[in-house]
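First up is the structure itself, then whatever we jot down about it.
Values in this document were obtained by computation on a predicted structure and should not be read as measured data. For the single chain, residues carry numbers from 1 onward in sequence order.
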Amino acid sequence: MKSSGKRDVASSSKNDAAFDADAILFHLGSTGWFQFRFFICLAYAVLFPTATILVFNFTGATPAHRCFVDGCDDSISPQYLAEWMDPAVIRDLHINAKEWQCEFPKFAILSDCANITTNDVCDGWIFDKSIFSSTIVTDFLLVCNDSWKPTFVSSLTMGGIMVGAFFLGPLPDIIGRRKSVLILSLWVSVFGIGLSFSRNYEEFAVLRFLNGMGCIALMQALAIWGVEAIASNVRVKFIFVIYCFQSLGNLLTGLLAYLVRDWVTLQLYLFIPMTVTVTYFFVLPESTRWLTVKKRYAEAKKIYERAALLNKSEIPPHLLLIPVGDPPECLSVGASSPSCNSPEDASPWISIWHIFKTTCLLRRLLILFCTWASAMLSYYGLSYSASNLSNDVHLNFVLIILVEIPAYVIGMFAVDLLGRRAVITITFMLGGTFCLLAGIVPHDHYELIVGFSLVGKFFISMQLVTVNVITAELFPTASRGLTIGLCSTMGKMGGIFAPIMSAMGAADRSLPYVIFGGINLTVGMLSLMLPETKDLPIPATIQDAKDLELKTLDSFGCFRKRQRQSTIALNTSTNSI
């Protein structure tokens with residue numbers, strides 16, 4: 001593959017600093033066995049995290065149901081459309097389904113077999129099993145006064161994801177990428193399998209919250225681990241391809257749900273294969289970028305040497321020279337060599353503190369908070385709202401997920417052709433526009449509503465991955481996991497409202513789409529203030545991240561401040577001479 005970008009040109013220079021990851025990866029090559037091993041492992045692992053969230057479209061679905069009619073219905077094997085129902089009863093059930101769900105209909109419509117005298121509020125239910133043989137709604141009787149509970153557990157899951165992003169998201173920066181994936185894989189697998197053995201709604205809700213805590217934290221750890229092992233010229237393509245596998249996992253979940261209509265079995269079929277990711281601790285090496293930041297050069301050197309053997313390539317010896325003390329390049333003003341990190345560039349907590357203290361980095365972080373929240377609200381909102389498109393919940397789910405794969409493929413080339421910032425802005429604007437159109441089209445134009453919502457999901461899917469890409473490219477190595485975790489936390493605040501939007505859509509189909517559209521259009525304007533990171537190396541230090549202000553539409557703040565500092569330093573040096 002042809003390499004591109006300033007980093008690639010510089011990487012062949014003898015002036016590259018020791019343990020400069022981009023320079024070393026340039027010499028290792030872009031597509032060797034070292035990278036292929038990461039790709040295969042991560043492609044399998046990312047099939048599961050999002051699927052474990054969206055599977056609730058099926059495990060938490062509410063099938064058609066009606067009151068159990070004592071005296072008429074068989075107490076052992078009752079049928080939704082029973083033999084005792086005459087055509088008038090069946091017609092009334094279809095027309096006035098809600099009247100049959102919590103209270104008995106007018107007694108005149110019931111058959112003479114009904115043993116109903118004084119109480120017209122039903123306390124037993126019969127569920128239609130033509131679509132689902134069982135869900136948590138049928139097993140835990142979450143209807144009528146408890147009908148709010150499935151929506152609540154969806155929001156609770158997103159709340160767990162938000163809490164997990166905040167508390168578990170920093171794990172890759174603190175203990176390393178490798179150990180984090182081991183811990184989070186165990187976390188998600190254990191609580192996911194435990195869901196199948198829930199004895200009541202309360203147990204299910206708690207386990208779903210705990211399971212959600214690990215899902216996206218695991219996805220983040222996997223993405224960071226993979227990105228840091230990939231050369232800069234193929235890094236973005238790697239991210240988009242990995243997200244294609246995430247969508248493939250969602251599609252497989254939809255197919256599995258079509259074949260397996262029992263929620264307990266479906267959960268087990270989804271979570272048991274996920275336990276394979278636990279073995280990655282023994283298969284993949286630690287991130288060399290993280291080891292370098294932690295000054296564990298000997299370990300990083302061994303990994304690079306093994307990678308060179310796998311890829312049948314050579315790394316210039318000066319790039320693997322373990323620093324002793326402060327190298328000469330560290331004494332220069334503004335030095336940002338990987339081997340001469342200041343405290344804020346080695347500690348994730350000090351690094352994130354400096355981000356909050358620096359005006360341009362804080363502004364950048366706040367804008368990303370908005371983009372993540374909007375992207376997550378729209379992505380999960382449209383995914384959960386799939387059931388509102390038509391009566392075929394499986395087809396709806398497949399359609400709403402299927403549009404993601406072409407979105408990722410096109411986005412993979414668009415971000416290199418147009419740049420990250422342009423793609424984010426365009427997808428926010430177009431995604432918002434098509435969501436608005438889906439909301440304002442009259443309800444009897446079913447084909448247009450489906451078409452506009454699918455096109456809106458197409459742009460929002462592209463937007464979500466691009467936001468992930470640019471977030472990883474805007475902050476230094478030491479706090480990359482923390483900043484992604486914070487952004488993901490804010491994103492999940494938007495995700496918490498996604499199931500609520502879906503529930504509102506059951507009553508008013510237009511409302512969620514109008515909300516998604518308005519938010520996307522607003523955030524799309526804010527995204528213009530982000531720096532462009534196309535063809536630039538990932539920042540290793542706080543200063544590297546600040547220097548990206550050169551790539552904003554209106555460069556101010558950090559870069560101008562650094563210019564002044566550089567001028568003062570130069571004048572001081574001149575005066576001392």
Once you round to the nearest 0.5 Å, how far does [atom1] of [X] lie from [atom2] of [Y]?
{"X": "Glu228", "Y": "Thr292", "atom1": "CD", "atom2": "OG1", "value": "9.5 Å"}
{"X": "Phe19", "Y": "Leu321", "atom1": "CZ", "atom2": "CG", "value": "8.0 Å"}
{"X": "Ile400", "Y": "Ser453", "atom1": "CD1", "atom2": "OG", "value": "5.0 Å"}
{"X": "Leu365", "Y": "Cys487", "atom1": "CG", "atom2": "SG", "value": "5.0 Å"}
{"X": "Ile367", "Y": "Met525", "atom1": "CD1", "atom2": "CE", "value": "12.0 Å"}
{"X": "Leu377", "Y": "Ile460", "atom1": "CG", "atom2": "CD1", "value": "8.5 Å"}

Below 4.0 angstrom, N of the basic side chain to O of the carboxylate: do [X] and [Y] qualify?
{"X": "Arg363", "Y": "Glu549", "result": "yes"}
{"X": "Asp22", "Y": "Arg289", "result": "yes"}
{"X": "Arg177", "Y": "Glu286", "result": "no"}

Using a cut-off of 6.0 Å, state whether more than 12 heavy atoms not belonging to [X] lie near its atom [atom1].
{"X": "Met429", "atom1": "CE", "value": "yes"}
{"X": "Phe240", "atom1": "CZ", "value": "yes"}
{"X": "Lys534", "atom1": "NZ", "value": "yes"}

Ignoring hydrogens, what is the shortest heavy-atom contact between [X] and [Y]? Give both atom names and the distance.
{"X": "Ala51", "Y": "Gly249", "answer": "CB-O, 4.0 Å"}
{"X": "Leu222", "Y": "Leu42", "answer": "O-CD2, 3.1 Å"}
{"X": "Tyr408", "Y": "Ser247", "answer": "CE1-OG, 2.9 Å"}
{"X": "Val467", "Y": "Thr371", "answer": "CG1-OG1, 3.8 Å"}
{"X": "Trp372", "Y": "Asn468", "answer": "CH2-OD1, 3.1 Å"}
{"X": "Val236", "Y": "Glu473", "answer": "CG2-OE2, 3.8 Å"}

Check for me whether the distance between the ring centres of Tyr280 and Tyr44 falls short of 6.0 Å.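 They do not qualify: ring centres at least 6.0 Å apart.
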Does a donor on one side chain sit under 3.5 Å from an acceptor on the other, for [X] and [Y]?
{"X": "Thr50", "Y": "Asn250", "result": "no"}
{"X": "Asp547", "Y": "Gln543", "result": "yes"}
{"X": "Glu299", "Y": "Tyr304", "result": "no"}
{"X": "Thr157", "Y": "Arg208", "result": "yes"}
{"X": "Asn520", "Y": "Gln463", "result": "yes"}
{"X": "Ser180", "Y": "Trp225", "result": "no"}
{"X": "Thr425", "Y": "Ser527", "result": "yes"}

How about [X] and [Y]: do any of their side-chain heavy atoms sit closer than 4.5 Å?
{"X": "Phe497", "Y": "Ser155", "answer": "no"}
{"X": "Phe475", "Y": "Pro539", "answer": "no"}
{"X": "Val415", "Y": "Val469", "answer": "no"}
{"X": "Arg37", "Y": "Leu284", "answer": "yes"}
{"X": "Val163", "Y": "Leu168", "answer": "no"}
{"X": "Ile355", "Y": "Leu362", "answer": "no"}
{"X": "Phe434", "Y": "Tyr513", "answer": "no"}
{"X": "Lys546", "Y": "Pro476", "answer": "no"}

Under the 3.5 angstrom rule, does the side chain of [X] hit a backbone N or O of [Y] as a donor-acceptor pair?
{"X": "Glu404", "Y": "Cys244", "result": "no"}
{"X": "Arg364", "Y": "Ala545", "result": "yes"}
{"X": "Thr533", "Y": "Leu536", "result": "no"}
{"X": "Ser287", "Y": "Trp290", "result": "yes"}
{"X": "Thr52", "Y": "Pro49", "result": "yes"}
{"X": "Arg178", "Y": "Phe281", "result": "yes"}
{"X": "Gln246", "Y": "Leu47", "result": "no"}

Derivation and outcome, side-chain hydrogen bond (donor to acceptor under 3.5 Å, both in side chains), residues Gln35 and Asn311: CA-CA 9 Å; Gln35 291 87 352; Asn311 287 10; 3.0 Å; yes
Would Val278 and Leu182 count as a side-chain contact (heavy atoms from CB on, under 4.5 Å) if you check the C-alpha gap in whole Å, the side-chain angles of each, and the deciding distance to 0.1 Å? CA-CA 5 Å; Val278 173; Leu182 172 66; 3.5 Å; yes
As a quick check of understanding, evaluate side-chain contact (heavy atoms from CB on, under 4.5 Å) for Leu320 and Tyr297, giving each step before the final call. CA-CA 8 Å; Leu320 297 180; Tyr297 302 114; over 6 Å; no
Quiz item: cation-pi between Lys457 and Tyr379, 6.0 Å / 45°: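 Geometry flag: set, cation within 6.0 Å and 45°.
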Apply side-chain contact (heavy atoms from CB on, under 4.5 Å) to Met162 and Met158, showing your working. CA-CA 6 Å; Met162 182 182 73; Met158 301 308 294; over 6 Å; no
Determine, step by step, whether Tyr243 and Phe238 satisfy the side-chain contact (heavy atoms from CB on, under 4.5 Å) criterion, reporting the C-alpha distance in whole Å, the side-chain angles of both residues, the deciding distance to 0.1 Å, and the verdict. CA-CA 9 Å; Tyr243 269 85; Phe238 172 83; over 6 Å; no
